[in-house]
2 protein chains.
Amino acid sequence: MARESLGGQLDLLLLSALRAEPAHGYAVIEEVRRRSEQAFDLPESSVYPALHRLEQAGMLDSEWAEVSGRRRRVYRLTSKGRSALGKRRGEWLRLRRGIGAALGEAN
Amino acid sequence: MARESLGGQLDLLLLSALRAEPAHGYAVIEEVRRRSEQAFDLPESSVYPALHRLEQAGMLDSEWAEVSGRRRRVYRLTSKGRSALGKRRGEWLRLRRGIGAALGEAN
DNA sequence: CTTGATACCTCGGAAGCCGAGGTATAGGAT
DNA sequence: ATCCTATACCTCGGCTTCCGAGGTATCAAG
């Protein structure tokens, strides 16, 4: 059931949501929902593993925070993550252009 | 190694390449390459199974043809395929819009 | 007779996504 | 007191997608 509504752009969305400031997972989900104008309501079971993966890959780092009795893991974009974001963005734009051309649109 | 350069839009590209007229697999690959302005050079090992899958799903049908000693399987878009193309296209546009919004572009 | 283009195919596995299910706290309603 | 909803984290299991590697065969050119 791979990649469905998202077209493999999950990492791009997550990195992009963390671009301006650090946030915890749940907040990232809301941020993406807000920014995408309700287009994407990411399931937690996609997001949490993805955040772990991105941290593993050195694009994010995290620390625990305690806010009114609830624990949160707050993620921050690393410099590696920032450059990965640029790269992913470029790939997205190329994809966009390629598909546009293939569909015969005026891009 | 799922979905990489293509962002899960393989079906869209294939259906779209067959939109105007029937073609055989190898020709579809060239057509996509041409239309996408060299952006996509689809590997045969992606395309042939995908064509089988689309036929299985009733979006394409095919027949064998013999052209100067070489056998070709020529695929044609079915009416179901045509409506699937429209649907995929719509999904692509929504994705495009959603990502654009999330990235904070002027679409 | 070898090379390159054309033309088809399958196998196996990596990677990606997410439904289902689980844990826990806080706050408001019943 | 109890329940519900929102917040907040997590894993497991499995379907799907894509594609490198490898295989078969014909034809034309060198």
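Sequence lines set the chain letters: A, B, ... in the order given, protein chains first and strands last, and positions in each chain run from 1.
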[N] phosphate, OP1 or OP2, under 4.0 Å from [X] side-chain N/O:
X       : N      : answer
A:Arg53 : C:dA15 : no
B:Tyr48 : C:dC9  : no
A:Ser46 : C:dC18 : yes
A:Arg71 : C:dT23 : no

Rounding to an integer number of Å, can you tell me how far [X] [atom1] sits from [N] [atom2]?
X       : N      : atom1 : atom2 : answer
A:Glu55 : D:dC9  : CD    : P     : 13 Å
B:Ile29 : D:dC19 : CD1   : C1'   : 12 Å
A:Leu42 : D:dT7  : CG    : P     : 16 Å
B:Leu6  : C:dA15 : CG    : P     : 17 Å

With sequence neighbours excluded, residues passing side chain to side chain contact (heavy atoms under 4.5 Å, CB included) with [X]:
X       : result
B:Pro49 : none
B:Ala84 : B:Leu15, B:Met59
B:Arg53 : B:Asp11, B:Ala50
A:Arg19 : A:Arg82, A:Leu85

If you check every side-chain atom of [X], which of [options] has the closest atom?
X       : options               : answer
B:Asp11 : D:dC19, D:dT7, D:dC18 : D:dC18
A:Pro49 : D:dT11, C:dC8, D:dC9  : D:dT11
B:Leu10 : D:dC18, C:dC9, C:dC18 : D:dC18

Taking N or O atoms only and anything under 3.5 Å, show me the protein contacts with nucleotides 23-26 of chain D, one pair per line.
| residue | atom | partner | partner atom | Å |
| --- | --- | --- | --- | --- |
| D:dT26 | O3' | B:Gly69 | O | 3.1 |
| D:dT26 | O2 | B:Arg70 | NE | 3.3 |

Handout entry: Selection residues 23-39 of chain B - residue pairs positive for salt bridge (charged side-chain N to carboxylate O under 4.0 Å, His left out), sequence neighbours left out
Key =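 Qualifying pairs, neighbours excluded: B:Glu31-B:Arg34, B:Glu31-B:Arg35, B:Arg33-B:Asp41.
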Handout entry: Side chain A:Thr78, main chain A:Gly58, donor-acceptor under 3.5 Å
Key =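 Checked: pair present.
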Handout entry: Pairs involving residues 26-83 of chain B, ordered by first then second residue, that meet ring-ring contact (aromatic ring centres under 6.0 Å, His included) (sequence neighbours left out)
Key = none
Problem - Minimum side-chain heavy-atom gap A:Arg96-B:Ile99 below 4.5 Å - result: no
Practice task
Could you list by number each residue of residues 12-26 of chain A showing a heavy-atom separation from DNA chain C of less than 4.0 Å, or answer none if no residue does?
Solution key: none
Problem - Nearest-nucleotide comparison on DNA chain C, the residue closer to the 5′ end among A:Ala50 and B:Tyr75 - result: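 Upstream on the strand: B:Tyr75.
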Practice task
Using side-chain hydrogen bond (donor to acceptor under 3.5 Å, both in side chains) as the criterion, list what pairs up with A:Ser46, not counting sequence neighbours.
Solution key: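 Applying side-chain hydrogen bond (donor to acceptor under 3.5 Å, both in side chains) to A:Ser46 gives none.
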